[in-house]
Structures are given as structure tokens and as C-alpha cells.
Amino acid sequence: MRKLVAIALFLAWLLIYIIGVASLSSPINAWPRWVQLAFYITAGIAWIFPLRSLFRWMNRGPESSGNS
């Protein structure tokens, strides 16, 4: 169940992120090419950093109840 929730959150975040970056494409077209390249490289890498904790949560084992 944890992985299904994480996948849904991941897809929602990615959709929002893509829409946000794409909405900036019009003003960015007026920038020099090297600035556009730097922006898109940064945007292409930056989406993963907010999701690190989600991936950690998704991949950790089941929580113990303390009754060993």
C-alpha cells in the first residue's frame, strides 16, 4: 500500500512540476541560449530533491510495533 501511495504522490508532484516549468517557457525564450540551457538542466535535475524523503519512506521496511 505504501508504494501505491508513493507512486500517486510522485506522479502528482511530477505533473505539477512539469506544468510549472512549462509555464515559464514563454518568458525564458527571450533569454540567451546559454541561460535557457542552464535553466533547463537545473530544472531537469531539481525535481528529484523534494522527493528524496518520499522515496526513503516508500522503501523503508514495515514499522515495528515494539513487541519483540
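All heavy atoms count here, side chains included; hydrogens, waters and symmetry mates do not.
For the pair Asn59 and Lys3, the minimum side-chain heavy-atom distance is below 4.5 Å. Using a 4.5 Å cut-off on side-chain heavy atoms (C-beta onward), Phe55 and Arg52 make no contact.
With sequence neighbours excluded, no residue forms a side chain to side chain contact (heavy atoms under 4.5 Å, CB included) with Pro27. With sequence neighbours left out, the ring pair (Phe, Tyr, Trp, His ring centres under 6.0 Å) criterion links Trp31 to no other residue. Partners of Ile45 by side chain to side chain contact (heavy atoms under 4.5 Å, CB included), not counting sequence neighbours, listed by chain and number: Ile41, Phe49.
With hydrogens and angles disregarded, a donor-acceptor distance shorter than 3.5 Å links the side chain of Arg2 to the backbone of Trp57. Not one N or O on the side chain of Tyr40 forms a donor-acceptor pair closer than 3.5 Å with the backbone of Val35.
Residues Tyr17 and Ala43 approach most closely at OH-O, 2.8 Å, considering heavy atoms.
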Exercise answer: donor-acceptor pairs, residues 6-13 side-chain atoms, under 3.5 Å, sequence neighbours excluded:
| residue | atom | partner | partner atom | Å |
| --- | --- | --- | --- | --- |
| Trp13 | NE1 | Trp47 | O | 3.2 |

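Linking Ile, Leu, Val, Met, Phe, Trp and Tyr residues whenever their side-chain heavy atoms come within less than 4.5 Å places Leu24 and Trp34 in a single cluster. There is no path of hydrophobic side-chain contacts, each under 4.5 Å, that joins Leu15 to Ile48.
Interatomic distance, Leu51 CG to Arg56 CZ, rounded to the nearest 0.5 Å: 11.5 Å.
Alongside Ile16, the hydrophobic cluster contains no other residue (criterion: ILVMFWY side chains under 4.5 Å).
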